[in-house]
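Structure in structure tokens, see below.
Proteins come first, then strands; the chains are lettered A, B, ... in the order of their sequence lines, and each starts at number 1.
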Number of protein chains: 2
Amino acid sequence: MLRLSKKTDYALISLTYVASQGDRPASAREIAERHDIPLELLAKVLQRLVQRGVLKSQQGIHGGYLLARPADTVTVAEVVEAIDGPLQLTVCGTSDERCEQFSKCNIRDPLHRIRDRIIGALAACTVSELVNDRHDEPVAMPIAIGGMAIAGRRSHGSDH
Amino acid sequence: MLRLSKKTDYALISLTYVASQGDRPASAREIAERHDIPLELLAKVLQRLVQRGVLKSQQGIHGGYLLARPADTVTVAEVVEAIDGPLQLTVCGTSDERCEQFSKCNIRDPLHRIRDRIIGALAACTVSELVNDRHDEPVAMPIAIGGMAIAGRRSHGSDH
DNA sequence: CTAAACTAGGACTGTTCCAGTCGTATTTAG
DNA sequence: CTAAATACGACTGGAACAGTCCTAGTTTAG
């Protein structure tokens, strides 16, 4: 354990990409294809980032996502919490939740301090830094990757 | 995600307790009862810590576990790695393992740096510190004498 | 020598929770 | 009106963790 969820991973990848695109809105489909991420899953991640005020969305046919705030104000810690919820090192909450073993737990406080330090490590990195350190082709946009990129269209109500 | 496994949690609790008992070996049963941990599961955790050279065991009827090294040389990072294996923030390994999305991943290096910082946070805390900060009834601790101290089993200790 | 209490360790089951999918509604542009 | 996009809830599958069971080997007491 002690790893990021895939959703959080996808969120960071997406934010980095969106930030690298400046004012041009990036659609979920575009992000998914460029990074090999399941579209439907990615969509939910992006929507949650919108709810949390990290991204803003533009609906409609030429819609997509943009950063809601400057890239250097969005920390990795914030993204992790937005997707996975508050960081808890153990099941018996980090604060004052109750668990049967609570009173018998001899390492509550030190663990709490370690948690704070981990959050600190996550908070020390912003999306802006992610963008600067990425190694990513800026906007090449390969239309055909080993065949029809759009071939995987899902069935929609054909003739009715 | 981004939480410790129960096993790691149990390992830290056990090490803290074992360390607090000085030269008296603590049995798996004793640790399990005092902290409400399933005995069989705990046993495997302790065995792994022996294999990793963190604990040493004493077999036979009055057997149990002792620290294999001074408490201030055992870090939380080491315990986490002993139980959960090497820390990986994402499935596509932190180093040079391969995953399909690897080449398309735009946040590899920053994530790697964050991982190092987290390990640093874990390495900064030793079992010795855990012992000092615990809030645990020390169980009648005439350790200096060693040998005969048979700690009574306490079923419920509700402090605070 | 035998029984009891312990460690050692493999095999097995149960369960949770993440990852991914599906279906449908809504918005926007041409 | 239709196509392409966001929005969102409900559902399924599966991997990995959590926990159990069983057997073997070790040491001490009587």
Discussion item. Applying salt bridge (Lys or Arg N to Asp or Glu O under 4.0 Å), can you list everything that pairs with A:Asp84, at least two apart in sequence or on another chain?
Written reply: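 For A:Asp84 there are no salt bridge (Lys or Arg N to Asp or Glu O under 4.0 Å) partners, ignoring immediate neighbours.
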Discussion item. Give the residues of residues 63-71 of chain A touching DNA chain D, defined as any heavy atom closer than 4.0 Å, sorted by residue number.
Written reply: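 DNA chain D contact set from residues 63-71 of chain A: A:Gly64, A:Tyr65.
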Worksheet item: Tell me: CZ of B:Arg3 to P of C:dT16, nearest whole Å?
Response: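 One finds 14 Å between P of C:dT16 and CZ of B:Arg3, rounded.
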Practice prompt. Please check if any side-chain donor atom of B:Arg24 sits under 3.5 Å from a side-chain acceptor atom of B:Gln21, or the reverse.
Written response: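 The answer is yes; a qualifying pair exists.
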Worksheet item: Is the side chain of A:Arg115 donor-acceptor paired with the backbone N or O of A:Leu89 at a distance under 3.5 Å, no angle test?
Response: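 Side chain of A:Arg115 to backbone of A:Leu89, a donor-acceptor pair under 3.5 Å: no, none is there.
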Item to complete: Check the distance between D:dA5's C1' and A:Ile31's CD1 and give it to me in whole angstrom.
Response: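 Rounding to the nearest Å, CD1 of A:Ile31 and C1' of D:dA5 are 12 Å apart.
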Fill in: Contact pattern, 5' to 3', of nucleotides 20-30 of chain D - B, S or - by protein heavy atom under 4.0 Å
BBB---BBS--
Worksheet item: Between B:Leu42 (CG) and C:dC6 (P), how many Å, whole number?
Response: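 In whole Å, C:dC6 P and B:Leu42 CG are 13 Å from each other.
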Worksheet item: When we call it a touch if two heavy atoms are under 4.0 Å apart, what does A:Ala28 touch: a base, just sugar-phosphate, or nothing?
Response: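 Result for A:Ala28 = sugar-phosphate.
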Worksheet item: Atom CG of A:Leu2 and atom P of D:dA16: how far apart are they, to the nearest Å?
Response: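 So the CG-P distance, A:Leu2 to D:dA16, works out to 16 Å.
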Worksheet item: Atom CG of A:Asp9 and atom P of C:dA19: how far apart are they, to the nearest Å?
Response: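 So the CG-P distance, A:Asp9 to C:dA19, works out to 9 Å.
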Worksheet entry | Phosphate contact (C:dA5 OP1 or OP2) by B:Arg29 side-chain N/O below 4.0 Å |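 Answer no for this pair, as no side-chain N or O of B:Arg29 is under 4.0 Å from OP1 or OP2.
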Worksheet item: CD of A:Gln58 versus C1' of C:dT26: gap in Å, rounded?
Response: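 That distance rounds to 16 Å.
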Practice prompt. Tell me, please, which residues at least two apart from B:Asn106 pass side chain to side chain contact (heavy atoms under 4.5 Å, CB included).
Written response: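 Expected list: A:Ile13, A:Thr16, A:Tyr17, A:His35, A:Arg134, A:Asp136.
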Worksheet item: To the nearest angstrom, how far is B:Lys7 atom NZ from C:dT16 atom P?
Response: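 Result: 17 Å.
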Let me have the donor-acceptor pairs involving side chains of residues 55-65 of chain B, under 3.5 Å, with sequence neighbours excluded, atom names and distances please.
none

Worksheet item: Do any side-chain nitrogens or oxygens of B:Tyr10 fall under 4.0 Å of OP1 or OP2 in D:dG19?
Response: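 Affirmative; the distance criterion is met.
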Worksheet entry | Comparing A:Ala26 and B:Asp84 on DNA chain D - which has the more 5′ nearest nucleotide |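 First, find each residue's nearest nucleotide; the 5'-ward one identifies A:Ala26.
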Discussion item. Using the salt bridge (Lys or Arg N to Asp or Glu O under 4.0 Å) criterion, which residues pair with B:Glu81? Sequence neighbours excluded.
Written reply: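 Salt bridge (Lys or Arg N to Asp or Glu O under 4.0 Å) list for B:Glu81, sorted by chain: empty.
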Worksheet item: Do B:Leu15 and A:Leu2 belong together in a cluster built from hydrophobic side chains that touch within less than 4.5 Å?
Response: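 Hydrophobic grouping puts B:Leu15 with A:Leu2.
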Worksheet entry | Hydrophobic cluster identity match, A:Leu130 and A:Ile37, side-chain contacts under 4.5 Å |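 A:Leu130 clusters together with A:Ile37.
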Worksheet item: Which one, C:dG9, D:dA18, D:dT6, comes nearest to the side chain of A:Gln47?
Response: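 The answer is D:dT6, which lies nearest to the side chain.
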Worksheet item: Nearest to the side chain of A:Ser57 - C:dA8, C:dG20, D:dA7?
Response: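 The answer is D:dA7, which lies nearest to the side chain.
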Practice prompt. Calculate the interatomic distance between A:Gln51 atom CD and D:dT6 atom P; express it in whole Å.
Written response: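 Interatomic distance, CD of A:Gln51 to P of D:dT6: 14 Å.
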Discussion item. Membership question, hydrophobic clusters at under 4.5 Å side-chain separation (ILVMFWY): are B:Val54 and B:Ile119 in the same one?
Written reply: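 Yes, one cluster joins them.
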